[in-house]
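Notes follow once the structure below has been shown.
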Amino acid sequence: MSAEQDSDSGPTLGQLQEIKRGREAQLLRKWTGGQALSHEEMAEVAHILPPEILAKPPTPRARYLHDYAYYATAIGYDVRNIKRLVAIGKEARSLPPLDDPAQLPDWWERMRILGLLKQHAPQRLVDAATKAASAQPPPAAPSAGAPPAPSAPAGAPPPAPPPPAQPPTTKIDFAQIEAIGLEGAVRELQLQLSAAQIELRKARELGMEEVTINRRQKAFDATLDSLRKSEKALQDLQIARGDLAPVADFRRDLITIATTLRGMMRRRADNICTALAAALSSEQLGLVRAAIEVEGEREQTLLRSARHWKAADGSDT
């Protein structure tokens, strides 16, 4: 088979697995960002997080390019009102687009329909949106060599807008893809965090613009937050499976074993001495009992050498 034929045979198994891992990481970032997943999306990551956890995404965190005082000045609000809008957006899991004021009236109307806001958008907000929309660059004019667009006949309805371009899709055979599980998702986020840290450090060392540094800082913080939540979910899952237990549980178990062993040692000495009482003198019975106790102390010393035996302050329990 030629190289050309091999390249046309479709993605390899490794490429399919990489695509699936990227898709799962994208859905987990969407979930940790506070956005609800559809039933189809939940099914794609159900092997990573239980459905009852996926059904309740965490509250989204507000991440903007500037502080609230900047937006208060730009819109004509005070900081308290900006914080109130952000709180409403968190409740609706749709944060206000403060970095895109042109979209604020539409966001306000959605919140009003949901019953979270009672009045229509105030005029100062509409004015800020109009100003932001007028500041956007106009659409590119057609080139000089391009033929003019045909005009519609008088009285004809306006032509329908062209459908949005669809991104290229790749047919994925999920039967050939290996699931990465929650452990794999945590490793993926750890790699993304390392990459985000490298980019942030590079921006600071090269003295890039503040907006670039802030953007990379926000990307680093968002990845770190996703990693912390995924690690917590992994820890909860390991505890539920019985694969992980707190150190305090080990210490309690070791204390129970030591106490039981001490009682068994004493009963063993009593039983042996009782059995040999008719054949040995009291001095010989004392030697037997002492030998048994020495052996019991050796067993307890071995048990106390376990690394989980030490208390939190380093002393013996």
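When the side chains of ILVMFWY residues are joined at heavy-atom separations under 4.5 Å, either directly or via intervening members, Leu114 and Leu117 end up in a single hydrophobic cluster. Linking Ile, Leu, Val, Met, Phe, Trp and Tyr whenever their side-chain heavy atoms come within less than 4.5 Å leaves Leu200 and Ile198 in two separate clusters. Each of Leu191 and Leu27 belongs to its own hydrophobic cluster when Ile, Leu, Val, Met, Phe, Trp and Tyr are linked at side-chain heavy-atom distances under 4.5 angstrom. Leu85 and Leu65 fall within the same hydrophobic cluster, where Ile, Leu, Val, Met, Phe, Trp and Tyr residues are linked whenever their side-chain heavy atoms come under 4.5 Å apart, directly or through other members. Put simply, Tyr68 and Tyr70 are part of the same group of oily side chains (I, L, V, M, F, W, Y) that touch within less than 4.5 Å, one to the next.
For Arg110 against Ser94, the heavy-atom pair with the smallest separation is NH2-OG, 3.9 Å. Of all heavy-atom pairs between Val79 and Ala72, the closest is N-CB, 3.8 Å. Shown here for Trp108 and His120, the closest heavy-atom pair between the two residues is NE1-C, 3.3 Å. Heavy atoms only, all atoms of each residue included: Val126 and Pro105 are closest at CA-CG, 4.4 Å. Closest approach of Tyr77 and Pro122 over heavy atoms only: OH-CG, 2.9 Å. Taking every heavy atom of both residues into account, Pro101 and Ala128 meet most closely at CB-O, 4.2 Å.
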Please report the C-alpha distance between Lys131 and Asp127 in whole Å, then the side-chain angles of each, then the deciding distance to 0.1 Å, and finally whether the salt bridge (Lys or Arg N to Asp or Glu O under 4.0 Å) criterion is met.
-> CA-CA 6 Å; Lys131 181 180 179 181; Asp127 294 340; over 6 Å; no
Please step through side chain to side chain contact (heavy atoms under 4.5 Å, CB included) for the pair Arg216 and Arg201, ending with a clear verdict.
-> CA-CA 9 Å; Arg216 296 189 180 184; Arg201 186 178 299 169; over 6 Å; no
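Remark: Asp78 engages Asn81 in a side-chain hydrogen bond (donor to acceptor under 3.5 Å, both in side chains) (not counting sequence neighbours). Taking Arg204 as the reference, Gln217 meet the side-chain hydrogen bond (donor to acceptor under 3.5 Å, both in side chains) condition, with sequence neighbours excluded.
Its side chain outside the 4.5 Å cluster rule for every partner, Leu287 clusters with none of the Ile, Leu, Val, Met, Phe, Trp and Tyr residues.
For the pair Glu18 and Arg21, the salt-bridge criterion is met [side-chain N within less than 4.0 Å of a carboxylate O]. Glu109 has a carboxylate O that lies under 4.0 Å from a charged side-chain N of Arg112, or vice versa, which qualifies the two as a salt bridge. Comment: Lys229 engages Asp225 in a salt bridge, judged by a side-chain N to carboxylate O separation of less than 4.0 angstrom.
Counting non-hydrogen atoms of other residues, nucleotides and ligands closer than 6.0 Å to CD of Glu209 gives a total of 12 or fewer. Remark: Met208 CE is packed, more than 12 non-hydrogen atoms of other residues, nucleotides or ligands lying under 6.0 Å away.
How far CD of Glu44 is from CD of Glu24: 8.0 Å, rounded to the nearest 0.5 Å. For the atom pair Met42 CE and Ile53 CD1, the distance stands at 10.5 Å (nearest 0.5 Å). For the atom pair CE (Met264) and CG (Asn271), the distance works out to 11.0 Å, reported to the nearest 0.5 Å. Of the inter-residue distances, the one linking Glu231 atom CD with Leu182 atom CG reads 10.0 Å to the nearest 0.5 angstrom. Interatomic distance, Ile48 CD1 to Glu183 CD, rounded to the nearest 0.5 Å: 9.5 Å. Considering NZ of Lys232 and CG of Leu227, their distance stands at 14.0 Å, rounded to 0.5 Å.
The residue from Val86, Ile82, Ile88 that alone fulfils the side chain to side chain contact (heavy atoms under 4.5 Å, CB included) condition with Arg84 is Ile88.
At least one donor-acceptor pair closer than 3.5 Å links the side chain of Tyr71 to the backbone N or O of His66. Looking only at distances, no side-chain donor or acceptor of Trp107 sits under 3.5 Å from a matching main-chain atom of Leu98.
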